[in-house]
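Inspection log for the structure reproduced underneath, given as structure tokens.
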Amino acid sequence: MAQIAQVLVDVPTMQTNRPYSYQIPAAWQSQVQPGMRVVVPFGRGKRRVQGFVLACDDVTNFDGELKPIDAVVDLAPVLNTEGLAMTKWLAESTFSFQITCAQTMLPAVMRAKYEKQLRTTATTPDEIRETLFGGQSMVPFDTVATTPAIVSQLLRLQAAGQVDVYYQVKNQARRKTQTALKARLSIPELEAEKANVRAGAKQQMAILQGLITLNGETMVQKAFCTRFKVNESAIRTAAQKGWLEKIAVEVYRDPYASHDIKATKALKLNDEQQVAVDQITASVDQAATTTFLLEGVTGSGKTEVYLQSMAAALAQGKTALMLVPEISLTPQMVQRVKGRFGKAVAVLHSGLSSGEKYDEWRRIQRGEAQVVVGARSAVFAPLKNIGLIVMDEEHESTYKQDDAPRYHARQVALWRSQYHHCPVVLGSATPSLETRARAEKGVYQRLLLADRVNRRPLPKVSIIDMKKEMQQHAESNFSAPLLVALQDRLERHEQSVLMLNRRGYSSFVLCRDCGFVLKCPNCDISLTLHMDTHTMKCHYCGHEEAIPRTCPNCHSRQIRYYGTGTEKVEEELQDLLPDATIIRMDNDTTRKKGAHEKLLAKFGSGEADILIGTQMIAKGLDFPNVTLVGVLNADTALGLPDFRASERTFQLLTQVSGRAGRAEKTGHVYIQTFNPDHYAIRFAQHHDYEGFFKYEMQMRHRGGYPPYYFTVQITASDLEEAVAAKRMYQLLQWLRPRLAPSTILLGPTPKPIARVNRRYYYQIVIKYKQEPNLAKTLTTLLHETQAQQRQGLQIGIDVEPLHFM
DNA sequence: AGCACGCCGACT
DNA sequence: GTCGGCGTGCTC
């Protein structure tokens, strides 16, 4: 029987990033297991924190006196053996704290909330009870300790034992319950009771008969009332008579309870799809850790391949995990999977409430769901015995988490594939260069779906040179050919989709007299105009201020809006086409829960002619009546200082083009650009992924970028620009001799947006081919910089970053 | 992170 | 002389 627990405490620092030994009180020794959460005292004061039991032992190498565990939070481990191993691996490979990783893998509600409380003791003077406690026996520390004088008074009182400090570790997870009924009497007793029922008391009689029918089972009260046609007050009477008892039973919050989901059957596959399914299924059957790249243009039926391959895993008694980008986790997508696998499906995405996420997670953990569909963090879903992992749109950058732990879901999927001995399918119409290159080398097995289902031709793509357009016409967001095409669709009662590329683009306020641009006081970035709230907002720190009427610099009234926001485009288009009904979809109109879904449904039902939106409309929507797609500004992202700019532009254009003409009608795509000859745009025009891949690989080779090199980004930020810069130069000197001569160090450079939230950012990029000492060097770096963390200098490490800005 | 300990300047 | 400012080290 283990007496000592190795506990990972909830204190995310470098110094505490290791297990601490605690004594397990005798009463709990048979109960405590690795993977459970516990509450432990930590530090010299009375601080209590949550922790994860990593291991149970009889020995410890700590030679002080062990403190005992305070409380056990879970009845069963929340992290199983795999989860614990994954925590360790994730922490090491992303240079993050283990505790942060453990928490990332679990639903947010399982993270403890801490409240420092002040409690009265037996010797608390009455006067203090009145003044500080207001008659209460416990008050939150912060509401009382408002001034330094009170704090020191409290310290004195505490030393004298007249008040007590108490750390409350709160579990936020709440289980939803429903009232259920259970008979208290045996069936013969219930039968006997029938004789005592007054004539005409129909409901009482019905209740007795109902309880007999239940035969000792419990039933949810609501269901009981409906089934036996009784009302709640009759139940109350019956309970008073002692016939039945009301008990609370746990119910799952079902995010899709209100959705009417129709069962779908497996579709007939074409030859290419069949080959793909056969290959994947063979790997599933053999429990091979093959990674497939399923490459197929939009409309080539990748989803059907996923679904049938997953069905093969289920047929083996195994489970299946399907990852999709957040944005394409549309109701249509969920319905398709739920329609195929029914109740076996659990869904995890940001649109769910925290309670719903918790409940879906527990269904998975208890083995009640065998199929999981979800966004990035669903890759940690506690499925056992995984038979197949699918990652749709594998090139999407939302699979990479932007803050610690900076993991890529693809890496986690591959790790789990090794653990479970199962294949992984990476699907995309435009695979990331890294993935496609691995398929080229034979590391991944490539499966190609070249044909669109039903042999539908790809849409015609026209490129419009906006430089010429600007010379010929007045300044407008709409070129003449696009406008003509829009007009034409209106007349034919067909629908159009317009995309405004928002990346690196926004509407700002500029003074025409002095050129002043309103900037965020905290960040080096222009404020964006938001007409819905009538404010100027900073997209980085959230700073908000009123729209100026006169120029803050020269007091001129010639202050005007510049740039292109979706609102402004919508306005302009409405002027140009007064008869058109337009729906706008952007961050502002879709912020409310379910708004996204509603707007799409509205457009899908034909209530509008034109849908204007940002990147979010590029994926997942599939409306047969859309025959025109316009990209208003294809190249705003091309100018960004990031070597992936071309790749992103190509992917986005290809993806949005796929929205046109998915049914009987052929589609047409118009791409407006100032760089009509750029290769990313040219290859997108011809739907030529292979051409783009080959060309871009040459560019990457020449520049020494991934996939030819691995990259690590080190960022330092400080309130003082000079401190961040100086520290980075020192860091460069420190790193150079520790790394291989062939390794390239870039920087330090100020980040393209050098100041965010009052902090200045500098970065160093490490490019390497082989660097066996890298992990050790970076870990040392983190340990050595922890002292400076106190002084406000923050160091961050991002392995294989996706954004270099 | 959060706390105690420890060492310096401004007060009773 | 003491109170309280912040810099430093430790938490099983």
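Order of the sequence lines fixes the chain letters, A, B, ..., with proteins taken first and strands second; residue numbering starts at 1 for each chain.
In this entry the distance linking CD of A:E65 with P of C:dC12 reads 11 Å, nearest Å. In this structure, A:Q6 places its CD atom 13 Å from P of C:dC12, rounding to the nearest Å. For the pair A:L66 CG and C:dC12 C1', the interatomic distance rounds to 6 Å; values are reported in whole Å. Atoms CZ (A:R47) and P (C:dC10) sit 16 Å apart, rounded to a whole Å. One can place CE of A:M14 at 20 Å from P of C:dT8, the figure rounded to the nearest angstrom. In this structure, the CD atom of A:Q786 is 13 Å from the C1' atom of C:dT11, given to the nearest Å. Atom NZ of A:K116 is separated from atom C1' of B:dG2 by 8 Å (rounded to the nearest Å). Rounded to an integer number of Å, the gap from A:Q789 CD to B:dA1 P is 8 Å.
Two residues are said to be in side-chain contact when any heavy atoms from C-beta on lie closer than 4.5 Å; A:L731 and A:I764 meet this criterion.
Contacts of A:R18 with the nucleic acid, taken as non-hydrogen atoms under 4.0 Å apart, include base atoms. Within the 4.0 angstrom heavy-atom criterion, no nucleotide atom of any strand lies near A:Q23. Within 4.0 Å (heavy atoms only), A:P19 reaches no atom of the nucleic acid at all. If you check every strand for non-hydrogen atoms under 4.0 Å, A:T60 touches nothing.
For A:Q15, the listed nucleotide lying nearest its side chain is B:dA1; candidates were C:dG4, B:dA1, C:dC12. Distance from the side chain of A:R44 is smallest for B:dC5 among the nucleotides B:dC5, B:dA1, C:dC12. For A:T13, counting side-chain heavy atoms from C-beta on, the closest listed nucleotide (C:dG4, B:dA4, B:dA1) is B:dA1.
Side-chain contact annotation: A:Q6 with A:S21, donor-acceptor N/O pair under 3.5 Å present. A donor-acceptor contact under 3.5 angstrom links the side chains of A:S350 and A:E326, judged on distance only.
Remark: ring of A:F62 overlaps the six-membered base ring of C:dC12 in a stacked fashion, centroids less than 5.5 Å apart, planes less than 30° apart. Applying the 5.5 angstrom centroid cut-off and the 30 degree plane-angle cut-off, the aromatic ring of A:F42 is stacked upon the base of C:dT11.
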Run the numbers on A:E368 and A:Y252 for side chain to side chain donor-acceptor pair (under 3.5 Å), then give the verdict. CA-CA 11 Å; A:E368 293 166 26; A:Y252 291 125; 2.9 Å; yes

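Proximity of A:Y22 to the phosphate of C:dC12: a side-chain N or O atom is located under 4.0 Å from OP1 or OP2. Taking only side-chain nitrogens and oxygens, A:T16 never comes nearer than 4.0 Å to OP1 or OP2 of B:dA1.
A:E115 has a carboxylate O that lies under 4.0 Å from a charged side-chain N of A:K170, or vice versa, which qualifies the two as a salt bridge.
Nearest-nucleotide positions on DNA chain C place A:R156 closer to the 5' end than the other of A:R156 and A:Q791.
A:Y419 OH: more than 12 foreign heavy atoms inside a 6.0 Å radius.
Donor-acceptor pairing under 3.5 Å, judged by distance alone, is present between the side chain of A:R790 and the base of B:dG2.
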